[in-house]
Amino acid sequence: MPHAIDLTKPTHTRSFRRNLLTWYREHQRSLPWRKTRDPYRIWVSEIMLQQTRVAAVLEHYKRFLKKFPTVRHLAFATEAEVLAAWSGLGYYRRARMLHRAAKLVATERSGRVPQTAAELRILPGIGRYTANAIASIAFGEPVAVVDGNVERVLERLLQKKLSGEIVWRTAQALLDLTSPGDFNQAMMELGATICIPGVPLCYDCPIKKQCASRGMERKEPPIPGKRMRRSSSLLLVRRRDAILLQQRAHNERFMPGMWELPEAASEIAREPLLRVKHSITTSDWSVSVFSGPVPRLALKTHLVPLAGVSQLPITGLTRKILRKLNLLS
DNA sequence: CAAGCGTGGCC
DNA sequence: TGGCCAAGCTT
């Protein structure tokens, strides 16, 4: 009968680290941010990966770094350029804060990215997780990370709820001090590919012998949150190779300054060009897109050449619609 | 500390 | 089809 891990026993923690790291080195996914130690590139990846799927990040990461290859390139870009490169990734506040932080690094640190978790933590958009991730992966600082994956892995491993500071202490106690970057990524990789939400794939788990809840079902707390269903009508105005876009006010709380299709009058009776479903944060939208004339009260609208649309920070919904209509690659 | 912030892919 | 997320941070 295998025994569950006891964090106070060095033989247990050693065995855990070895098994996890060996597994990680054999099974890790090949990802672009794992092929570099450039702190700026790792920083960008960590911000993009916040609450965002790897597949979605992959599409944007390469393009973003081609456009902004160094922290200085990013710092000297305009916010609109940065948001345009971020378009589709969501959580645009991340891009604004990354841009602000890059400006700080460029102007106050001669473009040198901070090399410790404590200094990284000061930059806008970098919290405890991100600071520790960059410091451990790029600089080998022995600081543990806790994200959704790590928390789930640890709670299953020890079969108990670990709240607040306790999770961080636990992660730190397990951390491999000689390869903190690989260890942190290994914990997250395990959570993302083996110790997944719902039913975990324990058969393939490298540390199952030490896991207290191995193979046991756990009931995830059901979240009641029901999203609101709403509908809207948008207008597609096309003049030769240009379309009409409208910029959201800069003082909007939600996606300020970003570009989208103007609203159509609600009483349009014709059939829409297109219907799309779109979910954002708290609402599920059913959107109808009509072709039509320039609306009378169109504030802050501009006729934008199709070739220039990709340079603008457009919302994800706008991107989705224009792609469906083959107006955007 | 809970709420708010976006999106596209998956089962 | 549609509910459920995914390498968090800020307020």
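Proteins come first, then strands; the chains are lettered A, B, ... in the order of their sequence lines, and each starts at number 1. Side-chain atoms are counted along with the backbone in the values below, which use heavy atoms only and exclude waters and symmetry mates.
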Looking at C:dC5, does its base get a donor-acceptor pair with the side chain of A:Arg53 below 3.5 Å?
yes

Around atom CZ of A:Arg240, are there more than 12 heavy atoms of other residues, nucleotides or ligands at under 6.0 Å?
no

Could you verify whether a donor N or O on one side chain and an acceptor N or O on the other, from A:Arg34 and A:Gln185, lie under 3.5 Å apart?
yes

More 5' along DNA chain B: A:Ala55 or A:Gln50, using each one's nearest nucleotide?
A:Gln50

Atom CD1 of A:Ile47 and atom C1' of B:dG6 are separated, to the nearest Å, by 16 Å

How long is the line joining CZ of A:Arg29 and C1' of C:dA6, in whole Å?
11 Å

Side chain A:Glu260, main chain A:Arg248, donor-acceptor under 3.5 Å
no

For A:Trp33, report the nucleic acid contact type (base, sugar-phosphate, nothing); a contact means any heavy atom under 4.0 Å.
base

Is the ring pair A:Trp43/A:Tyr40 parallel, tilted or perpendicular, if the boundaries are 30 and 60 degrees?
perpendicular

Given B:dG8, C:dG8, B:dC5, which nucleotide is nearest the side-chain atoms of A:Arg319?
B:dG8

What nucleic acid atoms does A:Met48 come within less than 4.0 Å of, heavy atoms only: base, sugar-phosphate, or nothing?
nothing

Considering heavy-atom distances to DNA chain C, does A:Gly125 or A:Gly191 have its closest nucleotide positioned more toward the 5' end?
A:Gly191

So if I take every side-chain heavy atom of A:Gln51 and compare against C:dC9, C:dA6, B:dT7, which nucleotide ends up nearest?
C:dA6

Nearest-Å distance for atom pair CD/P, residues A:Gln185 and C:dA6
19 Å

Output the rounded distance in Å from CG (A:Leu98) to C1' (C:dG8).
14 Å

A:Thr52 (side chain) and B:dG8 (base): donor-acceptor pair under 3.5 Å
no

Between C:dC9 atom P and A:Arg128 atom CZ, what is the distance in whole Å?
11 Å

Please check: side-chain N/O of A:Thr70 versus main-chain N/O of A:Arg72, any donor-acceptor pairing under 3.5 Å?
yes

Whole-Å distance separating the CG atom of A:Leu123 from the C1' atom of C:dG8
16 Å

Just compare B:dC5, B:dT7, C:dA6 and give me whichever is closest to any side-chain atom of A:Arg93.
B:dC5

What is the distance, to the nearest angstrom, from the CZ atom on A:Arg100 to the C1' atom on C:dC9?
11 Å

Residue A:Thr130, side-chain atoms from C-beta onward, closest of C:dG8, B:dT7, B:dG9
C:dG8

Could you work out the separation of B:dG6 and C:dT11 based on their P atoms and round it to a whole Å?
14 Å

Closest listed nucleotide, where the reference is the side chain of A:Tyr91 and the choices are B:dG6, C:dC9, C:dC5
B:dG6

Please report the distance, rounded to the nearest Å, between CD in A:Glu46 and P in C:dA6.
17 Å

What nucleic acid atoms does A:Arg34 come within less than 4.0 Å of, heavy atoms only: base, sugar-phosphate, or nothing?
base

List the atom of A:Thr193, the atom of A:Leu201, and the distance in Å for their closest heavy-atom pair.
O-CD1, 3.5 Å

